[in-house]
Peer 1: 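Have a look at this one.
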Amino acid sequence: MNKRMEWGLLAGRIVLGVIMLAHGLQKAGAIDNTIATFDQIGQPALLAYITVLIEIDGGLALILGIFVVPSAILLGLTMIGAIVLAKLPAGLIGGFEFPLSLLALSIVLAATGSRKLAISEVITKYRKNWI
(Lines give C-alpha, C1' and ligand atoms only; values in the text may rest on other atoms or scores of the structure.)
Protein backbone atom coordinates (compact mmCIF):
# COMPACT_ATOMS: atom_id res chain seq x y z
CA MET A 1 0.00 0.00 0.00
CA ASN A 2 1.19 3.50 -0.57
CA LYS A 3 2.48 5.57 2.32
CA ARG A 4 -0.38 8.08 2.36
CA MET A 5 -2.93 5.29 2.54
CA GLU A 6 -1.06 3.66 5.43
CA TRP A 7 -1.03 6.94 7.34
CA GLY A 8 -4.77 7.29 6.77
CA LEU A 9 -5.41 3.74 7.96
CA LEU A 10 -3.24 4.41 11.02
CA ALA A 11 -5.34 7.46 11.86
CA GLY A 12 -8.55 5.47 11.46
CA ARG A 13 -7.16 2.58 13.52
CA ILE A 14 -6.12 4.85 16.40
CA VAL A 15 -9.35 6.86 16.39
CA LEU A 16 -11.55 3.76 16.33
CA GLY A 17 -9.38 2.10 18.98
CA VAL A 18 -9.54 5.06 21.36
CA ILE A 19 -13.29 5.49 20.93
CA MET A 20 -14.04 1.80 21.45
CA LEU A 21 -11.66 1.51 24.41
CA ALA A 22 -13.26 4.56 26.05
CA HIS A 23 -16.78 3.20 25.53
CA GLY A 24 -15.77 -0.23 26.82
CA LEU A 25 -14.19 1.24 29.95
CA GLN A 26 -17.26 3.41 30.52
CA LYS A 27 -19.52 0.35 30.27
CA ALA A 28 -17.21 -1.69 32.54
CA GLY A 29 -17.09 1.09 35.13
CA ALA A 30 -20.87 1.11 35.38
CA ILE A 31 -21.51 -2.56 34.60
CA ASP A 32 -24.78 -2.62 36.56
CA ASN A 33 -26.11 0.22 34.41
CA THR A 34 -24.82 -1.49 31.29
CA ILE A 35 -26.61 -4.72 32.21
CA ALA A 36 -29.79 -2.74 32.93
CA THR A 37 -29.56 -1.06 29.51
CA PHE A 38 -29.11 -4.42 27.79
CA ASP A 39 -32.05 -5.77 29.78
CA GLN A 40 -34.22 -2.85 28.58
CA ILE A 41 -33.60 -3.85 24.97
CA GLY A 42 -34.28 -7.51 25.75
CA GLN A 43 -30.69 -8.74 25.75
CA PRO A 44 -29.06 -10.99 28.36
CA ALA A 45 -26.46 -9.77 30.84
CA LEU A 46 -23.91 -12.08 29.21
CA LEU A 47 -24.10 -9.99 26.03
CA ALA A 48 -23.28 -6.89 28.07
CA TYR A 49 -20.12 -8.55 29.39
CA ILE A 50 -19.15 -9.78 25.91
CA THR A 51 -19.65 -6.30 24.48
CA VAL A 52 -17.47 -4.75 27.18
CA LEU A 53 -14.76 -7.35 26.54
CA ILE A 54 -14.83 -6.79 22.77
CA GLU A 55 -14.78 -3.00 23.09
CA ILE A 56 -11.89 -2.92 25.58
CA ASP A 57 -9.77 -5.66 24.03
CA GLY A 58 -10.59 -4.67 20.45
CA GLY A 59 -9.86 -1.02 21.16
CA LEU A 60 -6.51 -1.86 22.76
CA ALA A 61 -5.62 -4.21 19.91
CA LEU A 62 -6.29 -1.49 17.35
CA ILE A 63 -4.28 1.10 19.25
CA LEU A 64 -1.34 -1.30 19.52
CA GLY A 65 -1.71 -2.62 15.99
CA ILE A 66 -2.22 -6.28 16.78
CA PHE A 67 -5.02 -8.49 15.47
CA VAL A 68 -6.36 -5.50 13.53
CA VAL A 69 -8.58 -7.41 11.11
CA PRO A 70 -10.30 -9.70 13.65
CA SER A 71 -10.67 -6.81 16.10
CA ALA A 72 -12.24 -4.62 13.42
CA ILE A 73 -14.65 -7.41 12.50
CA LEU A 74 -15.75 -7.93 16.11
CA LEU A 75 -16.08 -4.20 16.71
CA GLY A 76 -18.10 -3.89 13.51
CA LEU A 77 -20.44 -6.61 14.74
CA THR A 78 -20.95 -4.73 18.00
CA MET A 79 -21.85 -1.64 15.98
CA ILE A 80 -24.37 -3.62 13.96
CA GLY A 81 -25.85 -4.79 17.25
CA ALA A 82 -25.97 -1.23 18.60
CA ILE A 83 -27.68 0.03 15.46
CA VAL A 84 -30.24 -2.76 15.15
CA LEU A 85 -31.01 -3.30 18.83
CA ALA A 86 -30.79 0.20 20.26
CA LYS A 87 -30.33 3.10 17.83
CA LEU A 88 -32.44 2.30 14.75
CA PRO A 89 -35.78 3.55 16.13
CA ALA A 90 -34.27 7.01 16.74
CA GLY A 91 -33.45 7.43 13.05
CA LEU A 92 -30.22 8.57 11.45
CA ILE A 93 -29.67 12.02 12.98
CA GLY A 94 -29.24 11.72 16.73
CA GLY A 95 -29.78 7.99 16.47
CA PHE A 96 -27.56 5.59 14.57
CA GLU A 97 -25.28 8.05 12.75
CA PHE A 98 -22.36 7.60 15.19
CA PRO A 99 -22.41 3.79 15.35
CA LEU A 100 -22.86 3.73 11.56
CA SER A 101 -19.69 5.81 11.18
CA LEU A 102 -17.82 3.45 13.52
CA LEU A 103 -19.17 0.49 11.55
CA ALA A 104 -17.88 2.00 8.29
CA LEU A 105 -14.44 2.54 9.82
CA SER A 106 -14.48 -1.03 11.13
CA ILE A 107 -15.28 -2.32 7.64
CA VAL A 108 -12.40 -0.33 6.12
CA LEU A 109 -9.94 -1.74 8.69
CA ALA A 110 -11.34 -5.27 8.38
CA ALA A 111 -10.89 -5.11 4.61
CA THR A 112 -7.42 -3.54 4.56
CA GLY A 113 -5.73 -4.01 7.90
CA SER A 114 -3.31 -1.34 9.06
CA ARG A 115 0.43 -1.92 9.30
CA LYS A 116 1.83 1.55 9.97
CA LEU A 117 3.38 1.72 13.47
CA ALA A 118 1.75 -1.61 14.31
CA ILE A 119 3.34 -3.94 16.83
CA SER A 120 2.47 -6.91 14.63
CA GLU A 121 4.51 -5.38 11.79
CA VAL A 122 7.51 -4.88 14.07
CA ILE A 123 7.28 -8.50 15.25
CA THR A 124 6.98 -9.76 11.66
CA LYS A 125 10.04 -7.78 10.53
CA TYR A 126 12.01 -8.93 13.59
CA ARG A 127 11.15 -12.59 12.96
CA LYS A 128 12.13 -12.33 9.26
CA ASN A 129 15.55 -10.99 10.25
CA TRP A 130 16.20 -13.73 12.78
CA ILE A 131 14.76 -16.78 11.08
Side-chain angles (χ1 to χ4, degrees):
M1 265 185 251
N2 71 43
K3 290 182 181 186
R4 289 188 337 188
M5 186 178 298
E6 280 295 338
W7 281 107
L9 292 170
L10 171 65
R13 190 183 88 216
I14 298 299
V15 167
L16 182 62
V18 167
I19 290 170
M20 298 311 294
L21 176 61
H23 279 262
L25 291 172
Q26 180 184 33
K27 286 177 179 76
I31 194 67
D32 291 336
N33 292 341
T34 302
I35 292 169
T37 300
F38 275 68
D39 187 50
Q40 287 175 349
I41 59 171
Q43 300 304 310
L46 178 61
L47 190 57
Y49 287 108
I50 291 170
T51 300
V52 167
L53 183 68
I54 290 171
E55 289 182 359
I56 292 173
D57 291 347
L60 278 173
L62 290 181
I63 292 166
L64 296 173
I66 55 175
F67 307 112
V68 171
V69 170
S71 295
I73 291 169
L74 290 172
L75 291 169
L77 290 172
T78 64
M79 291 301 95
I80 291 170
I83 292 167
V84 172
L85 298 173
K87 303 292 186 175
L88 198 58
L92 178 64
I93 306 302
F96 63 90
E97 63 188 323
F98 184 60
L100 183 62
S101 299
L102 297 178
L103 171 60
L105 191 48
S106 295
I107 291 169
V108 168
L109 289 170
T112 62
S114 170
R115 297 185 306 243
K116 190 76 168 175
L117 302 178
I119 289 177
S120 63
E121 192 67 12
V122 172
I123 292 169
T124 301
K125 286 180 182 178
Y126 178 79
R127 288 180 65 201
K128 284 181 182 178
N129 291 333
W130 288 96
I131 295 177

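Residues take their numbers from the sequence shown, with the count starting at 1. Only a predicted model underlies this, so the values are computations on that prediction, with no experimental measurement involved.
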Peer 1: Looking at CG of N33 and CG of D39, how far apart are the two atoms once the value is rounded to the nearest 0.5 Å?
Peer 2: 12.5 Å
Peer 1: What's the spacing between L85 CG and T78 OG1 if we round to 0.5 Å?
Peer 2: 11.0 Å
Peer 1: Work out which heavy atom in A110 is nearest to a heavy atom in I73; give both atom names and the distance.
Peer 2: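 Shortest heavy-atom contact: CB-CG1, 3.7 Å.
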Peer 1: Do L9 and L103 land in one hydrophobic cluster if side-chain heavy atoms of ILVMFWY residues count as linked below 4.5 Å?
Peer 2: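 Linked within one cluster.
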Peer 1: Can you give me the closest heavy-atom contact between S120 and G65, atom names plus distance?
Peer 2: OG-O, 2.9 Å
Peer 1: Out of curiosity, S71 OG to D57 CG, how far, rounded to the nearest 0.5 Å?
Peer 2: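 The distance works out to 8.0 Å.
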Peer 1: Which atom names give the shortest non-hydrogen contact between R115 and E6, and what distance separates them?
Peer 2: N-OE1, 3.1 Å
Peer 1: Identify the two heavy atoms, one from K116 and one from L10, that lie closest to each other, and give their separation to 0.1 Å.
Peer 2: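 That closest heavy-atom pairing would be O-CD1, 3.4 Å.
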Peer 1: Please give me the minimum heavy-atom distance between I63 and I14, naming the atom from each residue.
Peer 2: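 In this case the closest contact between I63 and I14 is O-CD1, 3.6 Å.
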Peer 1: List the steps and the verdict of side-chain contact (heavy atoms from CB on, under 4.5 Å) for V68 and L62.
Peer 2: CA-CA 6 Å; V68 171; L62 290 181; 3.9 Å; yes
Peer 1: Is I19 close to F98 at the side-chain level, that is, under 4.5 Å between some pair of heavy atoms?
Peer 2: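 They are in contact (side-chain heavy atoms under 4.5 Å apart), so the answer is yes.
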Peer 1: Once you round to the nearest 0.5 Å, how far does CG of L105 lie from CG of L100?
Peer 2: 11.5 Å
Peer 1: As an exercise, state the distance from CG of L64 to CD1 of I119, rounded to the nearest 0.5 Å.
Peer 2: 4.5 Å
Peer 1: Tell me whether K27 at atom NZ has more than 12 heavy atoms from other residues, nucleotides or ligands lying less than 6.0 Å away.
Peer 2: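 Check passes, neighbour count above 12.
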Peer 1: Are L88 and L47 connected in the hydrophobic side-chain network, where two residues link if heavy atoms are under 4.5 Å apart?
Peer 2: no
Peer 1: Are L77 and L60 linked, directly or through other ILVMFWY residues, by side chains that come within less than 4.5 angstrom of each other?
Peer 2: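 Result: no, two separate clusters.
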Peer 1: If hydrophobic clusters are built from ILVMFWY residues whose side chains come within less than 4.5 Å, do L16 and F96 share one?
Peer 2: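 Yes, it is one cluster - the side chains of L16 and F96 are joined through contacts under 4.5 Å.
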Peer 1: Under a 4.5 Å side-chain heavy-atom rule over Ile, Leu, Val, Met, Phe, Trp and Tyr, are V108 and V15 clustered together?
Peer 2: yes
Peer 1: Any side-chain heavy-atom pair from V69 and L109 closer than 4.5 angstrom?
Peer 2: no
Peer 1: Given the rule in the side-chain contact (heavy atoms from CB on, under 4.5 Å) test, do M20 and L102 qualify, once you have shown the distances and angles that lead to the verdict?
Peer 2: CA-CA 9 Å; M20 298 311 294; L102 297 178; 4.0 Å; yes
Peer 1: Which atoms form the tightest heavy-atom contact between A48 and T34, and what is the distance?
Peer 2: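 Result for this residue pair: CB-CG2, 4.0 Å.
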Peer 1: Rounded to the nearest 0.5 Å, what separates atom NE2 in H23 from atom CG in L75?
Peer 2: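 If we round to the nearest 0.5 Å, H23:NE2 and L75:CG are 11.5 Å apart.
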